[in-house]
Amino acid sequence: MAKTALITGITGQDGSYLAELLLGKGYEVHGVVRRSSTMNRGRIDHLQHGNPAHPEGSKFVLHYGDMTDSGGLNRLVKTVRPDEIYNLAAQSHVGIAFDQPEYTGDADGLGTTRLLEAIRTMGLPTRFYQASTSEMFGSSPAPQSESTTFHPRSPYAVAKLYAHWMTINYREAHHLFACSGILFNHESPRRGENFVTRKITRGIAQILAGKADQLRLGNLDSKRDWGHARDYVEAMWLMLQEDEPDDYVIATGVQHSVRDFAETAFAAAGLDYQQYVVVDQAYMRPADVEDLRGDASKAMKKLGWKPRTTFAELVLEMLEADLRLEGVDPSKHLKKISAA
């Protein structure tokens with residue numbers, strides 16, 4: 001029989017790629033969406049029944065739900081009785097977390113506990129994946145691995161660290177098959193427009209389309225380990241196929257600064273980033289994370305996982321998608337860039 005998966009945060013970047021992966025493996029996929037006055041399902045529209053691109057013979061079902069509603073989550077888990085739960089829902093923007101720390105803690109931290117408790121009280125053999133984050137490492141020196149000390153530097157990171165330790169606690173105290181993937185930054189053309197990588201590629205597209213003449217960014221010197229979300233959701237699935245639950249760092253091991261990303265993307269479009277990028281203090285965070293680079297050797301050894309997309313390929317894919325979005329022909333502007 002086909003496995004059943006429940007994905008919270010299915011309308012997000014990771015949720016959409018994970019749904020594609022699981023549907024391709026024959027899963028019945030159930031997704032949790034929040035009720036909103038505006039529809040925000042652009043990333044998963046192609047998976048809906050009736051869409052010509054919908055995978056033949058697959059099943060894709062959406063349910064209304066919210067990570068702050070324990071009763072609703074309990075009913076959902078009881079109704080779907082999933083073989084696997086992937087908890088990807090979160091208020092995931094670090095900067096916004098400083099403005100909404102209470103909501104971030106409720107949705108990202110307590111929301112995870114609500115799901116774990118639903119599994120425990122119903123006695124289900126459900127396997128649980130928690131989307132942890134490299135932001136939990138904060139100011140701990142790179143490279144960061146599963147044994148690195150956590151030092152969160154934002155309300156988002158603190159909330160995620162609470163959820164991470166709750167996942168471990170339910171695994172140890174209640175013997176749930178519960179795993180955490182400590183994912184380093186992962187991007188794609190489906191990344192939200194208020195994240196720095198997408199701000200850069202969308203900004204370049206708007207400059208080339210004649211809609212803007214500058215791009216305002218925050219700290220250009222923050223260093224990140226950037227991979228592709230499509231590669232990283234495969235690691236999520238692999239974790240839940242293991243005989244024993246465990247936690248894994250997922251990363252490329254290659255580091256670039258925000259300045260590097262901007263310079264690379266502008267150069268690919270035949271532009272000099274220094275002529276367009278303006279550092280704006282409004283985008284500076286009260287406490288920033290300067291240096292993230294992951295050591296994913298454990299995942300590579302135990303799961304057989306490895307990243308497939310290079311930094312240059314990621315930048316080009318995002319830039320090409322945003323150029324098309326702005327009605328700009330990529331073939332007239334994009335140049336080949338280094339595969340570093």
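Note that the structure is predicted; figures quoted are calculated from it, not measured. When reading the values below, keep in mind they use all heavy atoms of this one structure, side chains included, and skip hydrogens, waters and symmetry mates.
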Full working for side-chain contact (heavy atoms from CB on, under 4.5 Å) between L220 and S257: CA-CA 7 Å; L220 299 182; S257 67; over 6 Å; no
Trace of the side-chain contact (heavy atoms from CB on, under 4.5 Å) decision for R308 with E234: CA-CA 11 Å; R308 296 187 176 90; E234 183 183 12; 2.5 Å; yes
Pair Q275-F266, side-chain contact (heavy atoms from CB on, under 4.5 Å): steps then yes or no: CA-CA 10 Å; Q275 296 181 14; F266 273 92; over 6 Å; no
Pair H30-T79, side-chain contact (heavy atoms from CB on, under 4.5 Å): steps then yes or no: CA-CA 11 Å; H30 294 254; T79 299; over 6 Å; no
Residue pair E20, R43: steps toward the salt bridge (charged side-chain N to carboxylate O under 4.0 Å, His left out) verdict: CA-CA 11 Å; E20 288 176 349; R43 297 181 181 97; over 6 Å; no
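The shortest distance between side-chain heavy atoms of I10 and V29 falls below 4.5 Å. The closest side-chain heavy-atom distance from L88 to V233 is not below 4.5 Å. Looking at I204 and Y273, their side chains never come closer than 4.5 Å, going by heavy atoms from C-beta outward. Side-chain contact check for N185 versus T197: every heavy-atom pair is 4.5 Å or farther apart. Contact check for N219 versus E290: side-chain heavy atoms found under the 4.5 Å cut-off. Contact of the D246 side chain with the K298 side chain is registered, since non-hydrogen atoms from C-beta on lie closer than 4.5 Å. Two residues are said to be in side-chain contact when any heavy atoms from C-beta on lie closer than 4.5 Å; R153 and S139 meet this criterion. Within the 4.5 Å cutoff, the side chain of L215 has heavy atoms near those of the I200 side chain.
The backbone N or O of M67 sits less than 3.5 Å from a side-chain atom of R114, completing a donor-acceptor pair. A donor-acceptor pair under 3.5 Å links the side-chain atoms of R198 to the main chain of R191, judged by distance alone. The backbone N or O of V249 lies less than 3.5 Å from a partner atom in the side chain of E146, making a donor-acceptor pair. Using a distance-only test at 3.5 Å, with no hydrogens or angles considered, a donor-acceptor pair links the side chain of S140 to the main chain of T149. A donor-acceptor pair is defined here as one N or O able to donate and one able to accept, closer than 3.5 Å; such a pair exists between the side chain of Q255 and the backbone of L292. For the pair T252 (side chain) and G227 (backbone), a donor-acceptor distance under 3.5 Å is absent. Judged by distance alone, the side chain of Q144 and the main-chain N or O of R293 form a donor-acceptor pair under 3.5 Å. With D225 contributing its side chain and G294 its backbone, the two residues share a donor-acceptor pair below 3.5 Å.
With rounding to the nearest 0.5 angstrom, the CG atom of D247 is 8.0 Å from the OG1 atom of T167. Atom NZ of K160 sits about 10.5 Å away from atom OG1 of T104, to the nearest 0.5 Å. The CD1 atom of I85 lies 9.0 Å from the CG atom of L73; values are rounded to the nearest 0.5 Å. Atom-to-atom distance recorded for C179:SG and L240:CG is 5.5 Å, nearest 0.5 angstrom. Between the CG atom in L319 and the CG atom in L323 there is a gap of 4.5 Å [rounded to 0.5 Å]. Interatomic distance, R75 CZ to D69 CG, rounded to the nearest 0.5 Å: 6.0 Å.
Using cut-offs of 30° and 60° on the angle between ring planes, the pair H164 and F150 is perpendicular. Ring geometry for H256 against F311 counts as parallel: the plane angle stays under 30°, on a 0 to 90° scale with 60° as the upper cut. Below 30°, between 30° and 60°, or above 60°: for W226 and F261 the angle between ring planes is above 60°, a perpendicular geometry.
Nearest heavy-atom pair, H175 versus E172, reported as atom, atom and distance to 0.1 Å: CE1-O, 3.8 Å. Between A19 and F60, the shortest heavy-atom contact is CB-CE1, 4.0 Å. Heavy atoms only, all atoms of each residue included: A118 and N74 are closest at CB-OD1, 3.0 Å. The two residues A229 and S188 come nearest to each other via the heavy atoms CB-CB, 4.4 Å. Contact record, A299 with Y248: CA-CD2, 3.9 Å, taken as the closest heavy-atom pair. Taking every heavy atom of both residues into account, D295 and P143 meet most closely at CB-CB, 4.5 Å.
Taking the centre of each ring, Y129 and W237 stay at or above the 6.0 Å mark.
Side chains of T68 and D106: a donor-acceptor N/O pair is absent below 3.5 angstrom, by distance only. For the residue pair D231/H186, the side-chain donor-acceptor check at 3.5 Å is not satisfied. Between the side chains of E317 and H228, at least one donor N or O lies within less than 3.5 Å of an accepting N or O. In this structure, a donor-acceptor pair under 3.5 Å is absent between the side chains of Q91 and D108.
A salt bridge is defined here as a Lys NZ or Arg NE, NH1 or NH2 lying under 4.0 Å from an Asp or Glu carboxylate O, and E244 with R171 fails to meet this definition. Look at R120 and E117 and you find a salt bridge, because one of the NZ, NE, NH1 or NH2 atoms lies within 4.0 Å of a carboxylate O, short of that distance. Ion pairing of K302 with E242 is absent here, as no side-chain N (NZ or NE/NH1/NH2) approaches a carboxylate O to less than 4.0 Å. Taking the charged nitrogens against the carboxylate oxygens, K3 and D83 have no contact shorter than 4.0 Å, which rules out a salt bridge.
Q241 CD: more than 12 foreign heavy atoms inside a 6.0 Å radius.
Residues I207 and V196 are members of one and the same hydrophobic cluster, defined by side-chain heavy-atom contacts under 4.5 angstrom among Ile, Leu, Val, Met, Phe, Trp and Tyr. Under the 4.5 Å side-chain heavy-atom criterion for Ile, Leu, Val, Met, Phe, Trp and Tyr, Y86 and L176 are members of distinct hydrophobic clusters. L47 is connected to L22 through a chain of hydrophobic side-chain contacts under 4.5 Å among Ile, Leu, Val, Met, Phe, Trp and Tyr, so both are in one cluster. One hydrophobic cluster, built from ILVMFWY side chains closer than 4.5 Å, holds both F137 and W165. Taken together through direct or relayed side-chain contacts under 4.5 Å among Ile, Leu, Val, Met, Phe, Trp and Tyr, V289 and V258 form parts of separate hydrophobic clusters.
A cation-pi arrangement is found for R190 relative to Y17, the charged atom lying closer than 6.0 Å to the ring centre and inside a 45° cone about the ring normal.
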